[in-house]
Protein chains: 2
Amino acid sequence: METEAPLSTREAIMAAATNTVMTEGYNALSFRDLAADVGIKSASVHHHFPTKGDLAEAIVGRFGEDFTKRMEPLLDLPFEEALDGYIGLFRSAFVDSNRMCLGGMMSAEVSALPEPARAQLKGFVEAHKDFVRAVLLKKHKRMASEKLEGRVFAIFAAMEGAQLIARGLGGDAAVFDGIVESYKASGLLA
Amino acid sequence: METEAPLSTREAIMAAATNTVMTEGYNALSFRDLAADVGIKSASVHHHFPTKGDLAEAIVGRFGEDFTKRMEPLLDLPFEEALDGYIGLFRSAFVDSNRMCLGGMMSAEVSALPEPARAQLKGFVEAHKDFVRAVLLKKHKRMASEKLEGRVFAIFAAMEGAQLIARGLGGDAAVFDGIVESYKASGLLA
DNA sequence: ACCTGAACACCGTTCAAGT
DNA sequence: ACCTGAACACCGTTCAAGT
């Protein structure tokens with residue numbers, strides 16, 4: 001049984017930054033606000049992350065790792081449950097205080113990111129594709145590889161789009177659920 | 001035959017702001033850069049748009065009108081061509097200098113928008129739904145209304161997601177085309 | 001190693017002042 | 001009606017200085 005571990009300053013900065021980016025976006029993230037959240041001065045944040053771009057790189061990478069940890073156990077489940085679990089990860093982000101997937105948010109703001117952060121973003125997308133591919137193969141064992149790759153990419157993009165639009169309209173879970181239901185009914189999520 | 005009409009200062013501000021938001025995002029938009037683009041001082045921009053939120057409201061509204069003007073003629077075409085025309089509107093945005101739909105970008109940055117701008121954003125989404133519904137009814141004349149509404153929303157969200165992800169990965173049109181192809185093959189866009 | 005105050009050129013916004 | 005310079009509290013970043 002773990003007690004809540006005290007976060008290192010570096011970890012606390014990353015946690016606060018991730019939360020702000022998911023709710024307000026990368027360009028709305030301020031080193032001074034971040035420092036206030038953590039209890040240090042803004043100049044001190046630069047000791048841990050020399051530039052804002054370095055911080056972006058770190059939190060996208062970490063977010064990918066955390067997402068992967070939540071996806072992996074779903075691979076033990078059968079197709080339908082694994083897919084619903086994946087959907088639930090997107091759903092919970094904005095049902096829980098109107099947050100958006102960090103990867104989706106960073107994709108919108110990609111012009112502000114330095115190259116290393118963009119590379120982490122590509123890695124994030126690849127991790128999702130690896131997971132979705134593994135889930136699809138549970139059911140579609142003989143799908144042609146080109147078709148499978150297209151479907152994998154399409155499912156990820158569609159989930160990001162559902163979250164983007166549902167959250168943009170005010171975070172109504174029913175909107176998200178309705179879109180996902182139609183993805184299933186049309187055959188995209190099936 | 002129209003010659004290029006000289007833009008009023010107000011129109012020039014809106015045009016420059018729209019372009020910046022589509023490429024870099026609303027939070028990256030600066031009144032001082034905007035003023036420099038138009039050839040006035042930043043304090044003068046406030047004469048036309050008292051706050052940045054007022055400008056946001058104006059450009060989302062205008063963007064919706066412009067998008068509707070490009071969608072309307074597509075309604076004279078048969079199902080397949082109308083759908084491809086709609087897809088082309090999303091495709092051209094980022095093929096042409098890696099821009100993102102203003103509505104999708106504003107959805108990601110919705111936390112920075114005042115209520116009137118959010119209302120315009122909802123109107124933008126409704127205009128898209130009206131168009132997509134009309135297109136779907138060309139082919140699916142007897143689809144149950146609840147199912148139709150879900151499909152309409154799903155198609156719009158999926159298009160925004162395809163654009164978000166394809167652009168986030170660097171603006172490769174092949175990524176966008178592959179996702180759309182899979183939307184069609186799976187039955188979502190059909 | 002980790003933190004800080006002070007400075008720099010930026011930002012949105014306000015306002016009194018010009019034409 | 002339209003524009004402006006100057007001021008305000010903000011921003012990311014740098015740096016010399018502290019412990």
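Atoms considered below: every heavy atom in the structure, side chains included; atoms not considered: hydrogens, waters and symmetry mates. Numbers restart at 1 for each chain; the letters A, B, ... are given by sequence-line order, proteins then strands.
- With A:Tyr26 as the aromatic partner, A:Lys52 meets the cation-pi criteria of under 6.0 angstrom to the ring centre and within 45 degrees of the ring axis.
- Contact annotation: A:Ser44 reaches the phosphate of C:dT4 (side-chain N/O to OP1 or OP2, under 4.0 Å).
- In this structure, NE2 of A:His46 is placed 7 Å from P of D:dG12, rounded to the nearest angstrom.
- Between A:Ser42 and D:dT13, a side-chain N or O to OP1/OP2 separation shorter than 4.0 Å is absent.
- Both the sub-6.0 Å distance and the 45° axial angle are satisfied by B:Lys129 relative to the ring of B:Phe153.
- For A:Asp33 and A:Ala43, each mapped to the nucleotide of DNA chain D holding its nearest heavy atom, the one lying further toward the 5' end belongs to A:Asp33.
- Within the structure, every side-chain polar atom (N or O) of B:Thr51 is placed at least 4.0 Å from both OP1 and OP2 of C:dT14.
- Within 6.0 Å of CD on A:Glu146 lie no more than 12 heavy atoms contributed by other residues, nucleotides or ligands.
- Mapping A:Arg32 and A:His47 onto DNA chain C via the closest heavy atom, the residue that lands nearer the 5' end is A:His47.
- Counting non-hydrogen atoms of other residues, nucleotides and ligands closer than 6.0 Å to NZ of A:Lys41 gives a total of 12 or fewer.
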> Pairing of DNA chain C as dot-bracket, 5' to 3': ( ) intra-strand, [ ] crossing, | other strand, . unpaired, with Watson-Crick or G-U pairs under 3.5 Å?
Replying inline: ||.|||||...|||||.||
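- Regarding contacts with the backbone of D:dC3, a side-chain N or O of B:His48 is found under 4.0 angstrom from either OP1 or OP2.
- Regarding contacts with the backbone of C:dG12, a side-chain N or O of B:Ser30 is found under 4.0 angstrom from either OP1 or OP2.
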>> If you apply the rule side chain to side chain contact (heavy atoms under 4.5 Å, CB included), what do you find for B:Met22 with B:Phe63, and how did you get there?
In response: CA-CA 11 Å; B:Met22 290 177 76; B:Phe63 188 78; 3.9 Å; yes
